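Data first, discussion second: the structure below is written as structure tokens.
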Amino acid sequence: MKKSVFLGALTIAGLAATASMASTLDDVKARGKLNCGVSTGLVGFAAPDANGRWNGFDVAVCRAVAAAVLGDSDAVNFVPTTGKTRFTALASGEVDMLARNTTWTFTRDVDLKFEFVGVNYYDGQGFMVPKSLGVSSAKELDGATVCIQTGTTTELNLADFFRSNNMSYEPVPIETNAEAQQQFLAGACDTLTTDASGLAATRAAFENPDDFVVLPEIISKEPLGPLVRHGDNQWGDIVRWVLNGLISAEELGITSANVDELAKGTNNPEINRMLGTEGNLGEMLGLDKDWLIRAIKVNGNYGEIFEANIGEKTPLGLSRGLNAQWTEGGLIYSPPFR
Amino acid sequence: MSMQETAYVRTEMLPEREPPSLNTGPIGWIRANLFPNWFSSLLTLASLFIIYKLLAAFIPWAFGGVWNASSLKECREILQGVDAACWAVIHERFWQLMYGFYPDNLYWRPNLALVMLIVALVPVLFEGAPRKLLAVTIATPFIGPWLLWGGTIWTPVAAALGFVVGYIVYKLIAGALSDLAGLVLGPLAAVLWWILLAGRFSDLMAGILPLGLQPVESRKFGGFMLAVTLGITGIAASFPLGIILALGRQSHLVIVKTLSVGFIEFIRGVPLITLLFVAQVMLAYFLPRGTQFDIILRVMIMITLFSAAYMAEVIRGGLAALPKGQYEAADALGLNYWQAQRLIIMPQALKIAIPGIVSTFIGLFKDTTLVSIIGLADPLGWVKLIQADAAWNGIVWELYGFVAFVFFIVCFSMSRYSMYLERKLETGHK
């Protein structure tokens, strides 16, 4: 039974505590599966469908990394982590990477000893109000009651915003997003505040979404991105360049549809380097030359992933905004492949 | 005055008659219980009005609901503004709420394990059942987990052999040295077997005769299957542990008593959720990276320890309620400690403690939902996962209502059984 495993584990725990420090890449290859920490359900970013298959914007990053490393986008164990358990799960090695809309902050990067490998979504805190309130700017919210999730950075941002604008507010603390929707609909508060992507998801779920507006002010910077542990730079590089590869692919027009065609060789040397027809970038990462072809084939490039999961045609209906390519006025920018 | 002035004298008895129809049957009952005076009548009418209002809102909502739709939006389109439930989410996600990510072609395994468990419980719970079923009861703790997790058949066999080894060593030592030495060395031998030899034995036998089921990882467990697995294991393991702790707390041996008291007080002084975080987070730091120490097993251990401490106190209540004469009678009969416990003390103490024990069980079963906080996909965890699907985002009442309904059925059955047991064991001391 499992008991023997347990007791055995306890006895060797003391002895082996310092022994196993193989590289994450070797661990993943030996296991044949990527352990990817995702959220315990977030609309558009991570959720299992009716067949139990995980889908979403963050999930797509996990699948792309699995495809690049293991050659199979389904070779992923999705480990749902809560806001409280996500960092320990990563630090203890229970997961190899986190793709769980986590904000890149100084303390998380430096003090918690993680490596944010990039940004896959630029979010920011916003406000939603019922149209009937007749408010068109967050600066008109003086004296409002505000529904807010407790224990998150949104709480601090809110206090800062109202103080710096010399306004007062009354917080209505709530625990979860589902509760927030109910409270807001029941009129327990004048305005609901959380990340703009979360507001869009909440609004999309309302019976009459048109009765509500998201105010234009964004009061905080929430760059969300995948992260790995400090100390294994090779693994960090792999995750970073898979993400950069998806972003560059959009910039250069590589899609899931034409990647096979382009992999036969093109006039663009950067595309050739990315897809392995020139140079040996894959080998430098410790992978083979087709690594990025496989990653792009899974769900397409960054733009395709965005449109399929959270874009304007989905119920979330997020516009690209800050998350457009730098060539189109956004912040999404990958260093060059050379 | 003469007799003649009396108007009428009855000379024979009247035949018996039915009581007035207003005082018997349903009408009589209603008059006696619902409308005995004006104040009670007022309260009755007010209550009826409230009940009517609740049902008038609930019944059309629940029974007018939509069962076939693929998203909340579709539900709303079908309902055309009518306020009714969207049960389609339960229809679509029923199996996930029940089994989580467990592979759907293997659903027969948890089902079989559950049937086996029910069969195993029959001889324990009901006196009239055939004694032969006890064989199933003994086999279930080994076969059940094997069915759930899969793997080679030799692992449960090796685990079962540990008990055999322990028993043989106990018999040998108890015969050669003393009973106490046997009680210490027997379990020790079993533990040594599990740690050192069981793994090799099952590997060896699996090499010779590879019989097994397709393994299923713990992280695939979810929904009510996870809650029931955790609940049953917790109940089955915490009950004997609780008895031992309760006895330990009353023991005259200082170390045993101190350890028992210390354990009980420590565990009772800490919230369950803290223990779960220890299981999920702290252990992960202490164990070496890559150690396979199953998260569900960790949680099971914590839940068991937690409810064992409460169980110990409930049983101690039963022990305390027993008159001292019972202990003295056992001594006078010349029974040793274990015989006295088994034949005289425990049957009575446990009977007294039944309501408390079942309450602890029910509490334990409901506490399993706390594991959603550490990211395990129990029914409440699945509610959250389903809400995160863009198609069902915004649905609340139906999902939580369904989960509450299933929990209610299970807990209510447990409570009914405990009342049956109390009646059966009633020996008329009152």
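Within every chain, numbering begins at 1; the chains are lettered A, B, ... in the order of the sequence lines, protein sequences first and strands thereafter. Everything numeric here is computed off the predicted structure, so don't read it as measured data.
Per-residue counts of heavy-atom pairs under 4.5 Å with chain B were compared for A:Asn35, A:Asn77, A:Leu42; the largest is that of A:Asn77.
Residue pairs meeting the salt bridge (Lys or Arg N to Asp or Glu O under 4.0 Å) criterion with at least one partner in residues 79-100 of chain B, sequence neighbours excluded, are B:Arg93-B:Asp389.
Taking 4.5 Å as the limit, some side-chain heavy atom of B:Leu385 sits within range of a side-chain heavy atom of A:Trp54.
Between the side chain of A:Gln182 and the backbone N or O of B:Val396, no donor-acceptor pair lies under 3.5 Å.
In the displayed structure, B:Trp67 atom CH2 is contacted under 6.0 Å by more than 12 heavy atoms of other residues, nucleotides or ligands. Within 6.0 Å of atom NE2 in A:His230, more than 12 heavy atoms from other residues, nucleotides or ligands are found, so the atom counts as buried in its surroundings.
In this structure, B:Gly394 and A:Ala205 approach most closely via the heavy-atom pair CA-CB, 3.6 Å. Heavy-atom minimum distance, A:Thr202 versus B:Asn393: N-ND2, 4.4 Å. Minimum heavy-atom separation, B:Arg219 to A:Phe78: CD-O, 4.4 Å. Among all heavy-atom pairs drawn from A:Gly52 and B:Phe101, the shortest one is O-CE2, 3.2 Å.
Contact of B:Ser372 with chain A is made through the backbone alone, with heavy-atom distances under 4.5 Å. Both the backbone and the side chain of B:Gln387 come within contact range of chain A, each with at least one heavy atom under 4.5 Å from a heavy atom of that chain. Of the two parts of B:Trp193, neither the backbone nor the side chain holds a non-hydrogen atom closer than 4.5 Å to a non-hydrogen atom of chain A. Heavy-atom distances place no part of A:Phe45 under 4.5 Å from chain B, backbone and side chain included. Only the side chain of A:Pro315 comes within less than 4.5 Å of a heavy atom of chain B; its backbone N, CA, C and O stay farther away. For chain B, the nearby part of A:Gln181 is the side chain; its heavy atoms alone come within less than 4.5 Å. Of the two parts of A:Ala201, the backbone and the side chain both hold a non-hydrogen atom closer than 4.5 Å to a non-hydrogen atom of chain B.
From A:Thr82, atom OG1 reaches atom CG of B:Leu376 across 10.0 Å, with rounding to the nearest 0.5 Å. Rounded to the nearest 0.5 angstrom, A:Lys33 NZ and B:Glu217 CD are separated by 6.0 Å. Going from atom CD1 of B:Ile373 over to atom OG1 of A:Thr40 covers 11.0 Å, rounded to the nearest 0.5 Å.
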